[in-house]
Amino acid sequence: QASPDRCIKHVFIHRDPRDTFVSYLSWVTQSQDFLTTAGGREFRNFMLERFDDDDQRLSFIIRQPQHSHSVYLSYEPWLRSPHCLAIKFEDLYPEVSELQHGVVGPVLGGLFRYLEIDPDSIGLRDLHRKVYGQSVTVIGRYKRVFKDQHYAYLDNPEFKHTLRAFGYES
């Protein structure tokens with residue numbers, strides 16, 4: 001129920017689905033944090049023992065129902081909601097790098113305005129230190145990792161629509 005005292009704001013940071021597949025593969029097969037999740041150790045063992053290499057593991061991930069275009073499209077309404085600020089990760093993350101120089105870019109500035117945060121009231125360099133580089137983050141990494149079979153799995157009208165809906169080229 002809405003009230004004058006309620007100050008909930010929604011921020012939806014989305015990423016190119018192709019990069020999420022590669023990021024998920026890395027998390028599942030390399031992150032110690034993944035092992036602390038429910039079933040994490042078992043799933044990692046399955047991934048490492050069942051498949052010969054990361055190409056096969058990535059193919060498996062892409063074909064799983066929880067990674068289908070319909071799951072991504074379930075978030076599409078957030079892109080148009082007046083009650084949510086939607087930001088592309090690829091636009092935001094490079095600006096986080098600039099915080100080390102005390103520079104607030106237009107995307108991060110828009111986020112601060114939406115959240116009613118005065119950038120001068122926080123330590124920008126400290127924020128950079130806490131956020132930037134906390135994990136392996138490579139924008140567009142799928143372009144170096146994907147093989148023909150990975151692209152083939154995603155070469156369908158539904159996935160292409162998903163990419164376009166989120167502002168990515170197919």
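These numbers come from the heavy atoms of this one structure, side chains and all, not from hydrogens, waters or symmetry mates.
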Non-neighbouring partners of Ser23 that pass side-chain contact (heavy atoms from CB on, under 4.5 Å), sequence neighbours left out: Arg15
For Lys130, check side-chain contact (heavy atoms from CB on, under 4.5 Å) against everything at least two apart and list the hits. Asp126
Suppose the criterion is salt bridge (Lys or Arg N to Asp or Glu O under 4.0 Å): which pairs have a residue in residues 145-156, not counting sequence neighbours? Asp55-Lys147, Asp155-Lys160
side-chain contact (heavy atoms from CB on, under 4.5 Å) against Phe46, all qualifying residues, sequence neighbours excluded: Phe43, Arg50, Phe51, Phe60
Cut-off 3.5 Å, no hydrogens considered: what does the side-chain donor-acceptor table look like for residues 70-78, sequence neighbours left out?
residue: Ser70; atom: OG; partner: Ser68; partner atom: OG; Å: 2.8
residue: Tyr72; atom: OH; partner: Thr20; partner atom: OG1; Å: 2.6
residue: Ser74; atom: OG; partner: Val71; partner atom: O; Å: 2.5

Run the side-chain hydrogen bond (donor to acceptor under 3.5 Å, both in side chains) test against Asp19 and tell me which residues pass, sequence neighbours left out. none
Pairing residues for Ser26 by the side-chain hydrogen bond (donor to acceptor under 3.5 Å, both in side chains) criterion, not counting sequence neighbours: Arg141
Rounded to the nearest 0.5 Å, how far does CZ of Phe21 lie from CG of Asp16? 9.0 Å
Partners of Gln149 by side-chain hydrogen bond (donor to acceptor under 3.5 Å, both in side chains), sequence neighbours excluded? none
Applying side-chain hydrogen bond (donor to acceptor under 3.5 Å, both in side chains), can you list everything that pairs with Asp91, at least two apart in sequence or on another chain? none
Show every salt bridge (Lys or Arg N to Asp or Glu O under 4.0 Å) that has at least one partner inside residues 97-121, sequence neighbours left out. Lys9-Glu116
The remaining residues in the hydrophobic cluster of Ile122, counting side-chain heavy-atom contacts under 4.5 Å among Ile, Leu, Val, Met, Phe, Trp and Tyr, are Val11, Ile13, Leu85, Ile87, Phe89, Leu92, Tyr93, Val96, Leu99, Val104, Val107, Leu108, Leu111, Phe112, Tyr114, Leu115, Ile117, Leu124, Leu127, Val131, Tyr132, Ile139
Go through the structure and list residues passing side-chain contact (heavy atoms from CB on, under 4.5 Å) with Arg41, not counting sequence neighbours. Leu35, Asn45
